[in-house]
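Note that ligands are numbered from 1 as they come in the structure, with each ligand's atoms numbered from 1 the same way. Numbers here simply count residues along the sequence, with the first being 1.
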Amino acid sequence: MWKGRFQQSTAKLLSRYSESISFDWRLYPYDIQGSIAHSKALLAAGILTVEEQAAIEAGLLKIRADIESGAFHFDPALEDVHMNIEAELTRRIGPAGAKLHTARSRNDQVALDLRLLLRTETDAIAALVRDLQRSLVGLASDNMDVVIPGYTHLQRAQPVFFAHHLLAYVEMIERDAQRLADLRKRVDVMPLGSGAIAGSTIVLDRALIARELGFAAITQNSMDAVSDRDFACELLAAIAIAGMHLSRLSEDIILWASAEFGFVVISDAFSTGSSLMPQKKNPDVAELTRGKTGRLYGNLLSLLTTLKGLPLTYNRDMQEDKEPVFDSVDTIKAALEVNAAMLSEIKVNASRAAEAVSDPMLLATDLADYLVRAGVPFRQAHEIIGKLVAHCIETGRSFPQLDLAVFQSFSPGFKQDVFEALDLRRALDARQAPGAPSQANVRAQLERWRGLLG
Ligand code: ARG
């Protein structure tokens, strides 16, 4: 493409080092879509005739069909997807093909392609996020009566509905969806017409190109348009955060599926065995998801670091943007999909959950609240219940096994109805503030999510 200026041909070593076709080939549908829109602007500007534009469009569509059927051969000597497609177009249709790159550079072309790809992928990821939320809501609905211990510091803390625990993830993942919707606005801006750095003396109707490609806006500074990849950083950040959420969910699933917890059973279809230990059934989906989160973080850091020292405008370093972006997109899509499928087949072991949540210590805070209602300041109540807990541990008894007289020896605030405060269902139903897990609240939340998710 630059043979005019050079006397030697490119060294084989350099070709191998600089080619990107081995990974940027997947931009081809967007490259072709962008080139067709560009050709229409060239037609409108009088650079192409109607016949030439038609030949370009038909030629590009034929190339796309050939790529899709596997008949197209990408040549690493042509460096990247842009040059592969353009060179082949010119080979096939002749002089009209050689006019296509008028008023365009690979710098604005690749920025366009990446934005088109990311717009599509952002929507695909958002749809998979919704599917995962649906799986979580489904699992919660199917097990509405199950109560488990909630944990802080991975120590039993207070009882919660299993559904409440799952809905916490639905909320987190909802914010992931919001982040995607928000950053999509900044992806959805059309950079073509920026040329290599400073636009072109051949002025194209950029709004026409944006309309053709369904962009909401056009970039306002040609140097910014070919330089920045912040929209890609934002997507990698949103994916990294979503990965963090998935990883925490995975950790909960791994714990719950262990013999020690035993709250859930993962289906055989989404478990793996051991090559050595015949009894093993492993939660590999969850472990892989937790593990893959590392590369999601790595990809974000990789792109940020690639960009941080670059003077304006385009620098070849920026070719390194694609692999992290593709990898994060592929990884999160796969993770969302397989987790949604795994979750929808999970079975809850209600008796193990009931056993764990029958631990009366989970209601220690409820006893403190009981004393508060009897007029005892909370700090004092906390201390009294602390002593009561120590007494239980020493004597090997639990709250419900104590006589009223024993309760009263710790505080005269205790009356016969203290035993009602120790009723698990009552204790849950008393948690009525918005966001707290009374049964009515959890049911209402499930209803809300079912409505939102359709
Ligand atoms: N393959 C290149 C990339 O991904 C396309 C842009 C090349 N521009 C250039 N001035 N060499 O960034």
Give the C-alpha distance, both sets of side-chain angles, the deciding distance and a yes or no for ring pair (Phe, Tyr, Trp, His ring centres under 6.0 Å) between Tyr30 and Tyr28.
CA-CA 5 Å; Tyr30 308 103; Tyr28 78 83; 8.2 Å; no

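Among all non-hydrogen protein atoms, the one lying nearest atom 11 (N) of ligand 1 is Arg106 NH2, 3.4 Å. Protein heavy atom nearest atom 10 (N) of ligand 1, with residue, atom name and distance: Asn107 OD1, 3.1 Å. Nearest protein heavy-atom neighbour of atom 6 (C) of ligand 1: Tyr314 OH, 3.4 Å. Nearest protein heavy-atom contact of atom 5 (C) of ligand 1 is Asp80 OD2, 3.5 Å. Looking only at heavy atoms of the protein, atom 4 (O) of ligand 1 is closest to Lys322 NZ, 2.5 Å.
Here the side chains of Thr293 and Leu246 are not in contact, with every heavy-atom distance at 4.5 Å or above. You'll find the side chain of Arg26 reaches within 4.5 Å of the side chain of Asp330, heavy atoms only.
Taking the centre and axis of the six-membered ring of Phe161, the NZ or CZ atom of Arg431 falls outside the cone set by 45° and 6.0 Å.
Using the six-membered ring where Trp is involved, Trp256 and His165 have ring planes that are perpendicular, over 60° apart on the 30 and 60° scheme.
Aromatic ring centres of Phe72 and Trp25 lie farther apart than the 6.0 Å criterion allows.
For ligand 1, the atoms sitting less than 4.0 Å from at least one non-hydrogen atom of Gln319 are 1 (N), 2 (C), 3 (C), 4 (O), 12 (O), numbered in the order shown with element in parentheses. Below 4.0 Å from some heavy atom of Ser20 lie the following atoms of ligand 1, by number and element: 1 (N).
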